[in-house]
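The next block holds one structure in the form of structure tokens; read it before the comments.
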Amino acid sequence: KVTLWDKFFKLKLIKEGGLRLLEGIINEDYLFMMEVCLESDNIVFLNHQLYTATIRPNSVSRTIKPQTVTDYFIIAERIKHLLIREGAFDRYKDYYYASIIKNMLFSLVQSAFKVDNYTTFNSLYKLLRGSYYFESETRKGVYLLDFKIRCLYHLSLRPWPFYSSMRILKKCHVFMY
């Protein structure tokens, strides 16, 4: 998970690393977490629930806007540059591309479930055209994904069947987000 609400950070790490959240960008915590991981000497995981989150239906993570999609590409490009700067891109590029697929697929699933018509869904879908999502290099990361997600990804390459399938799942009360 890349959300910030369930993490603790040493202030020294943030100050010395010059780490900041990008202002005006949706889901900026994704980039911030990558920067933290690259800056950290060690990371500790606790297997204890210390916090209970409240899910609000109209929160940024539960609503779909074109900015959600376009901002993700800004974040993905910055992460790519971070990995290149650290000399780690070649080693992790398949994981990088797999994360692009998972994030865009999540946005597409959310869109299909939440918008009222195909025209609105298709306008969001068109934002992906010409993006990493359709590039052959990105598709190399597909093999790292769970079988169900791989199938969903291949279905998502065809907007009308994807949208129709998601709407049927919604009617059957099968929620995928």
Exercise for the section: Using the test side-chain hydrogen bond (donor to acceptor under 3.5 Å, both in side chains), find all partners of Tyr72 that sit at least two apart in sequence or belong to another chain. Expected result: Asn103

Practice task
Quick one: closest heavy-atom pair of Asp71 and Gly24, and the distance?
Solution key: OD2-O, 3.7 Å

Problem - Closest heavy-atom pair and its distance - Tyr96, Ala76 - result: OH-O, 2.7 Å

Practice task
Apply side chain to side chain contact (heavy atoms under 4.5 Å, CB included) to Thr70 and list each qualifying residue two or more places apart in sequence or on a separate chain.
Solution key: Gln67, Leu127

Practice task
Output all residues satisfying side-chain hydrogen bond (donor to acceptor under 3.5 Å, both in side chains) with Tyr30, sequence neighbours left out; order by chain, then residue number.
Solution key: Ser99

Practice task
Calculate, to the nearest 0.5 Å, the distance between atoms CD1 and CZ belonging to Ile74 and Arg78 respectively.
Solution key: 8.0 Å

Problem - ILVMFWY network linking Val109 to Phe147, side-chain heavy atoms under 4.5 angstrom - result: no

Exercise for the section: Not counting sequence neighbours, which residues clear side chain to side chain contact (heavy atoms under 4.5 Å, CB included) with Tyr95? List them please. Expected result: Tyr92, Leu144

Problem - Pair listing, side-chain hydrogen bond (donor to acceptor under 3.5 Å, both in side chains) test, anchored in residues 138-153, at least two apart - result: Asp94-Tyr143, Glu137-Lys140, Arg139-Tyr153

Practice task
Identify, with sequence neighbours excluded, every residue that meets side chain to side chain contact (heavy atoms under 4.5 Å, CB included) alongside Ser40.
Solution key: Leu13, Val36, Ile43

Practice task
Taking the side chain as every heavy atom from C-beta outward, state whether Leu82 and Leu31 have any atom pair closer than 4.5 Å.
Solution key: yes

Exercise for the section: Any chance you could measure Leu157, atom CG, to Leu152, atom CG, to the nearest 0.5 Å? Expected result: 10.0 Å

Problem - Residue pairs involving residues 35-49 (criterion salt bridge (charged side-chain N to carboxylate O under 4.0 Å, His left out); sequence neighbours excluded) - result: none

Exercise for the section: State, to 0.1 Å, how close Gly141 and Ala98 come at their nearest heavy-atom pair, and which atoms those are. Expected result: O-CB, 3.4 Å

Exercise for the section: Rounded to the nearest 0.5 Å, what's the gap from CD1 on Ile26 to OG on Ser107? Could you check? Expected result: 9.5 Å

Handout entry: Heavy-atom pair with the smallest gap, counting every atom of Ser111 and Leu124
Key = OG-CD1, 3.5 Å

Practice task
Could you tell me which residues satisfy side chain to side chain contact (heavy atoms under 4.5 Å, CB included) with His81, sequence neighbours excluded, listed by chain and number?
Solution key: Glu77

Handout entry: Contact list for residues 8-29, test salt bridge (charged side-chain N to carboxylate O under 4.0 Å, His left out), sequence neighbours left out
Key = none

Practice task
Identify, with sequence neighbours excluded, every residue that meets side-chain hydrogen bond (donor to acceptor under 3.5 Å, both in side chains) alongside Asn117.
Solution key: Thr120

Handout entry: Leu169 and Phe113, any side-chain heavy atoms less than 4.5 Å apart
Key = yes

Handout entry: Side chain to side chain, Leu83 and Lys93, heavy atoms closer than 4.5 Å
Key = no

Exercise for the section: Kindly compute the distance separating OG (Ser164) from OH (Tyr118), expressed to the nearest 0.5 Å. Expected result: 8.0 Å

Practice task
Determine whether more than 12 heavy atoms belonging to other residues, nucleotides or ligands lie under 6.0 Å from atom NZ of Lys80.
Solution key: yes

Practice task
Group every Ile, Leu, Val, Met, Phe, Trp and Tyr by side-chain heavy-atom contacts under 4.5 Å, then state whether Leu38 and Leu11 land in the same group.
Solution key: no

Exercise for the section: Could you check whether the rings of Phe121 and Tyr163 sit parallel, tilted or perpendicular, using 30° and 60° as the cut-offs? Expected result: tilted

Practice task
Could you walk me through whether Leu128 and Phe73 pass side-chain contact (heavy atoms from CB on, under 4.5 Å), step by step?
Solution key: CA-CA 9 Å; Leu128 294 176; Phe73 293 126; 3.6 Å; yes

Problem - Linked, directly or transitively: Val174 and Phe162 (ILVMFWY side chains, under 4.5 Å) - result: yes

Exercise for the section: Output all residues satisfying ring pair (Phe, Tyr, Trp, His ring centres under 6.0 Å) with Tyr97, sequence neighbours left out; order by chain, then residue number. Expected result: none

Handout entry: Distance in Å, Leu155 CG paired with Leu108 CG, rounded so as to fall on 0.5 Å steps
Key = 10.5 Å

Fill in the blank from the handout: Rounding to 0.5 Å, atoms NZ (Lys102) and CG (Leu145) come to a distance of 6.5 Å

